[in-house]
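Encoded as structure tokens, the structure appears first; notes follow it.
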Amino acid sequence: MKEKTLCIIKPLAVQNGHIASITKDIDNSGFRMCALHMLQMTTNDAMHFYKVHAGKEFYDSLVAFMASGPVVVMVLEKENAVADFRKLIGNTDPQNADKGTIRAKYANDISHNAVHGSDSIENATKEIHFFFSDRELF
Ligand code: IDP
Ligand code: MG
């Protein structure tokens with residue numbers, strides 16, 4: 001069944017000039033782009049988006065980082081999009097990410113790991129609607 005998932009190209013990957021390369025890897029992996037925004041998250045946006053991690057030692061720096069500069073947010077569609085996109089991006093820690101994955105190729109470190117990918121169909125739906133209205137999904 002076709003699924004949709006949410007991808008965020010995080011601030012440092014944008015700043016390092018990786019938007020085009022990451023988008024090309026995504027395209028080459030068979031995902032269809034349904035929506036795309038470039039925007040800067042507010043601190044409140046980042047707190048809300050990552051609220052599942054509130055209280056963890058890395059939460060405050062994660063929130064500050066995600067609000068520190070522009071990001072590119074995309075909705076991607078394919079069969080098994082959620083699981084397949086997690087495979088394409090690789091492990092949270094780029095040092096443990098398989099060769100060829102987006103995090104292995106474009107991340108700096110675990111705190112600046114180039115991209116976000118939804119971790120379940122339920123969270124993908126919530127995250128997509130955090131950024132996009134139905135009229136922006138194609
Ligand atoms: P995920 O992005 O692979 O789903 P999560 O566990 O959901 O990983 O964590 C969300 C984000 O928080 C990660 O992408 C990473 O940027 C950051 N993060 C997770 N664990 C750590 C850590 O141990 N130290 C610093 N940052 C972390
Ligand atoms: Mg996660």
Side-chain angles (χ1 to χ4, degrees):
M1 204 189 74
K2 289 239 165 138
E3 290 172 6
K4 288 185 171 68
T5 193
L6 185 88
C7 166
I8 305 175
I9 302 180
K10 297 186 180 185
L12 193 54
V14 171
Q15 203 179 305
N16 287 340
H18 296 315
I19 297 172
S21 306
I22 290 172
T23 307
K24 184 133 186 76
D25 285 4
I26 290 170
D27 192 47
N28 287 341
S29 301
F31 292 86
R32 187 181 73 81
M33 198 179 290
C34 310
L36 176 91
H37 276 337
M38 188 169 193
L39 58 94
Q40 184 158 357
M41 295 172 81
T42 64
T43 303
N44 261 350
D45 287 336
M47 285 173 73
H48 186 76
F49 187 81
Y50 278 116
K51 65 177 185 283
V52 63
H53 297 299
K56 294 185 184 165
E57 36 87 26
F58 61 82
Y59 179 68
D60 289 350
S61 57
L62 172 63
V63 165
F65 169 59
M66 290 303 290
S68 69
V71 296
V72 174
V73 189
M74 291 177 253
V75 178
L76 305 171
E77 183 183 70
K78 82 187 272 298
E79 302 278 327
N80 298 313
V82 171
D84 284 0
F85 190 65
R86 294 288 299 197
K87 256 185 244 153
L88 177 64
I89 69 179
N91 193 278
T92 305
D93 184 346
Q95 292 201 327
N96 300 324
D98 289 344
K99 197 165 178 276
T101 60
I102 289 176
R103 282 170 167 168
K105 288 163 77 173
Y106 307 111
N108 291 62
D109 54 55
I110 188 169
S111 304
H112 310 92
N113 57 6
V115 284
H116 167 82
S118 307
D119 65 1
S120 67
I121 296 176
E122 190 191 350
N123 284 337
T125 302
K126 285 186 199 154
E127 290 175 2
I128 288 166
H129 288 102
F130 181 83
F131 288 106
F132 298 96
S133 63
D134 284 336
R135 74 164 78 84
E136 295 171 305
L137 299 172
F138 298 97

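One-based numbering, in listed order, for ligands and for the atoms of each.
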Closest candidate by heavy atom, reference atom 16 (O) of ligand 1, pool Val52, Ile8, Ile110: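 Checking each option, the heavy atom nearest atom 16 (O) of ligand 1 is found in Ile110.
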If you measure from each heavy atom of [X] to ligand 1, is any distance below 4.0 Å?
X: Arg86; value: yes
X: Arg103; value: yes
X: Asn113; value: yes

Tell me if the CG atom of Asp98 is crowded by more than 12 foreign heavy atoms within 6.0 Å.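 At most 12 heavy atoms, drawn from other residues, nucleotides or ligands, come within 6.0 Å of this atom.
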Counting only nitrogen or oxygen atoms and a 3.5 angstrom limit, does Thr92 reach ligand 1? yes
Logged contact type for Lys56 with ligand 1, heavy-atom cut-off 4.0 Å, is neither
Inspect the contact between Lys24 and Asp27 and indicate whether a charged nitrogen and a carboxylate oxygen are less than 4.0 angstrom apart.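 Salt bridge between Asp27 and Lys24, a charged N being under 4.0 Å from a carboxylate O: no.
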Which residue, Val82, Asn123, Val73, forms the side chain to side chain contact (heavy atoms under 4.5 Å, CB included) with Leu6?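 One option only clears the test, and that one is Val73.
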Looking only at protein heavy atoms, which one is nearest to atom 6 (O) of ligand 1, and how far off is it? His53 CE1, 3.6 Å
If you have a sec, work out which protein heavy atom is nearest atom 22 (C) of ligand 1 and how many Å separate them, to one decimal?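 Minimum-distance protein heavy atom for atom 22 (C) of ligand 1 reads Phe58 CD2, 3.6 Å.
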Less than 6.0 Å separating the ring centroids of Phe130 and His48?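 Ring-ring flag for Phe130/His48: true, centres closer than 6.0 Å.
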Atoms in ligand 1 flagged as close to Lys10, the criterion being non-hydrogen separation under 4.0 Å: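 Within the 4.0 Å cut-off of Lys10, ligand 1 contributes 13 (C), 14 (O), 16 (O).
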